[in-house]
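Ligands are counted one by one from 1 in listed order, and the atoms in each one are counted from 1 as well.
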Amino acid sequence: MSDLEKEINRRRTFAIISHPDAGKTTLTEKFLLYGGAINLAGSVKGKATARHAVSDWMEIEKERGISVTSSVLQFEYDGYCINILDTPGHQDFSEDTYRTLMAADSAVMVIDGSKGVEAQTRKLFKVCVMRKIPIFTFINKLDRDAMDTFDLLDDIEKELGIATCPINWPIGSGKEFKGVYDRDSRSVICYSDTEKGTKEGIATVIPVSDDKLLRDTIGDAAADKLFEEIELLDGAGAEFDLDVVRAGELTPVCFGSALTNFGVEIFLRHFLNMATTPLPRMADCGLIDPVKEDFSAFVFKIQANMNKAHRDRVAFMRICSGKYDANEEVRHVQGGKVMRLSQPQQIMADERKILSEAYAGDIIGVFDPGIFSIGDTLCAPKSNFRYEGIPTFAPEHFARVRQMDTMKRKQFVKGVQQIAQEGAIQIFQELHSGLEEIIVGVVGVLQFDVLKYRLENEYNVEIKLENLPYEHIRWVENKDEVDMEKLTGTSDMKKVVDMKGNPLLLFVNPWSVGMTQDRNPGLKLSEFSRN
Ligand code: G4P
């Protein structure tokens with residue numbers, strides 16, 4: 001195996017998804033702790049500061065000049081080189097959160113054991129399913145009273161429509177949490193609450209065949225319940241099949257407690273064993289092999305004003321094949337230019353490190369003088385292909401935007417278009433109307449504030465936003481077969497076009513979507529746009 005192949009094959013690139021507060025940050029911190037990237041969990045992103053950043057978002061972002069952060073972390077563990085992509089949540093949930101998933105090869109889904117599947121997980125999960133990427137589930141907070149284990153698995157299966165395969169099984173929860181039963185080794189790993197910020201201690205492991213020791217340790221009631229559950233589980237659960245996991249149709253499930261450091265390392269080990277190496281990606285010339293092909297990457301995120309002093313824009317790209325060498329030139333396919341990437345960096349939380357090389361699976365950020373767009377391909381100068389575009393995700397909030405001073409029309413149009421190009425907002429026009437009045441759609445409401453603030457500060461344009469009641473958007477997939485003028489829907493429906501001229505429909509409720517579909521046989525509607 002060549003060195004290049006070795007480097008690529010030891011990479012695992014995944015996104016962490018969860019509903020806010022399920023424990024994503026805590027789990028990430030513990031992962032980093034095992035990798036030795038930090039000495040004390042919590043030091044990556046002081047929890048107190050993180051909280052502060054959420055509640056006082058506008059204040060802090062104002063000081064820095066808007067930047068909705070989402071980070072990429074890289075660490076080494078047991079010979080693996082791991083890239084974690086954080087998916088921002090809370091109010092700063094945006095289209096970027098979705099796009100981040102386009103750059104990952106698998107996803108870790110963190111679920112709060114007392115809550116089961118929650119709204120934000122559901123949304124992000126949909127994107128994982130669309131991409132058919134493997135999903136690994138960590139059910140967290142077992143040190144608190146959790147829902148019944150079978151109910152939790154049932155919830156995942158019903159809510160998300162994916163089969164589950166428990167890797168281990170919790171014994172009680174909350175005050176009665178005794179540990180987990182590892183199905184593979186048929187033994188119980190006893191719960192011990194290690195000090196926060198230290199690695200897992202040496203766990204007591206008891207084979208279930210040692211009935212006496214097990215009963216002495218976890219008590220008769222817990223042991224009886226466990227035996228009953230093991231029987232049920234072995235009889236009923238889905239068979240484990242790695243191919244089905246990798247196809248994204250079966251999720252392995254582990255239980256634990258990120259806060260008390262229990263079950264995290266076991267999960268990480270299982271995960272690394274099962275997760276795929278950097279996957280081939282589809283381009284217009286076919287699948288691109290990560291090892292055989294020379295350097296290639298695609299841009300999945302553009303962040304403006306990362307650093308106020310420089311008013312810079314950083315384009316984040318996922319390397320899909322080969323090795324990136326800072327001394328070599330690359331082709332920016334959409335721009336039609338061969339060039340050297342400017343200041344390639346690895347962005348670690350708040351830190352930036354200049355990179356000289358990186359491999360397929362890695363994420364790099366490069367300084368962007370305004371030439372990159374989301375979905376752009378970069379490749380070796382001798383190649384010339386384009387990766388499949390990144391879909392446009394359905395915004396869920398809409399507002400009509402008006403400029404206060406009509407004299408500033410040019411700046412207004414320029415500003416709105418540029419911000420849309422960065423992918424922070426989507427803009428629509430009513431059928432047959434100009435750009436004086438546009439409709440803006442966003443995935444997270446915070447983006448409205450971002451838009452207003454940036455237009456005022458960067459383009460010197462004041463705007464007024466008027467919220468619109470639409471919540472559901474559908475692109476017309478078979479636009480060539482449909483006469484938009486004649487299309488009849490419900491009275492609350494609005495016909496608009498996006499920036500690329502694709503027709504789409506806005507609806508207030510899901511009922512109207514169904515009704516319009518019924519009234520127009522043959523109409524194909526989609527929640528994503530791939531154009
Ligand atoms: P998020 O990134 O998914 O939003 O969740 P985060 O890790 O920030 O965790 C949210 C809260 O849940 C934090 O408590 C955290 O300490 C707690 N938590 C995470 N994992 C566990 C666990 O396994 N067990 C228990 N009992 N709690 C857990 P907080 O009070 O909001 O913050 P802090 O003051 O503890 O830092």
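- Salt-bridge formation is not detected for the pair Asp155/Lys115: no Lys NZ or Arg NE/NH1/NH2 atom is positioned less than 4.0 Å from an Asp or Glu carboxylate oxygen.
- Note: no N/O pair closer than 3.5 Å links Pro20 and ligand 1 by distance alone.
- When all heavy atoms are compared, the tightest approach of Leu250 to Asp241 is CD2-N, 3.8 Å.
- At under 3.5 Å, a nitrogen or oxygen of Ala258, whether backbone or side chain, sits near a nitrogen or oxygen of ligand 1.
- Judged by distance alone, with hydrogens and angles left aside, the side-chain atoms of Arg131 form a donor-acceptor pair with the main-chain N or O of Met102 at under 3.5 Å.
- At a 4.0 Å heavy-atom cut-off, ligand 1 touches Lys141 through backbone and side chain alike.
- Using a 4.0 Å cut-off between a side-chain N of Lys or Arg and a carboxylate O of Asp or Glu, Asp21 and Lys141 do not qualify as a salt bridge.
- Those atoms of ligand 1 that come under 4.0 Å of a heavy atom in Ser18, given as number and element, are 3 (O).
- Contact annotation: for Ser257 versus ligand 1, heavy atoms closer than 4.0 Å belong to both the backbone and the side chain.
- Contacts between Asp143 and ligand 1 below 4.0 angstrom, taking non-hydrogen atoms only, involve the side chain exclusively.
- In terms of N/O distances under 3.5 Å, ligand 1 is not approached by Thr260.
- Around atom NZ of Lys452, more than 12 heavy atoms belonging to other residues, nucleotides or ligands sit under 6.0 Å away.
- A donor atom on one side chain and an acceptor atom on the other are found under 3.5 Å apart for Tyr34 and Asn261.
- In terms of polar-atom proximity, defined here as any N/O pair under 3.5 Å, Gly23 does make such a contact with ligand 1.
- If you look at Thr26 next to ligand 1, the close heavy atoms, those under 4.0 Å, come from the backbone and the side chain alike.
- Nearest heavy-atom pair across Met317 and Leu341 is SD-CD1, 4.2 Å.
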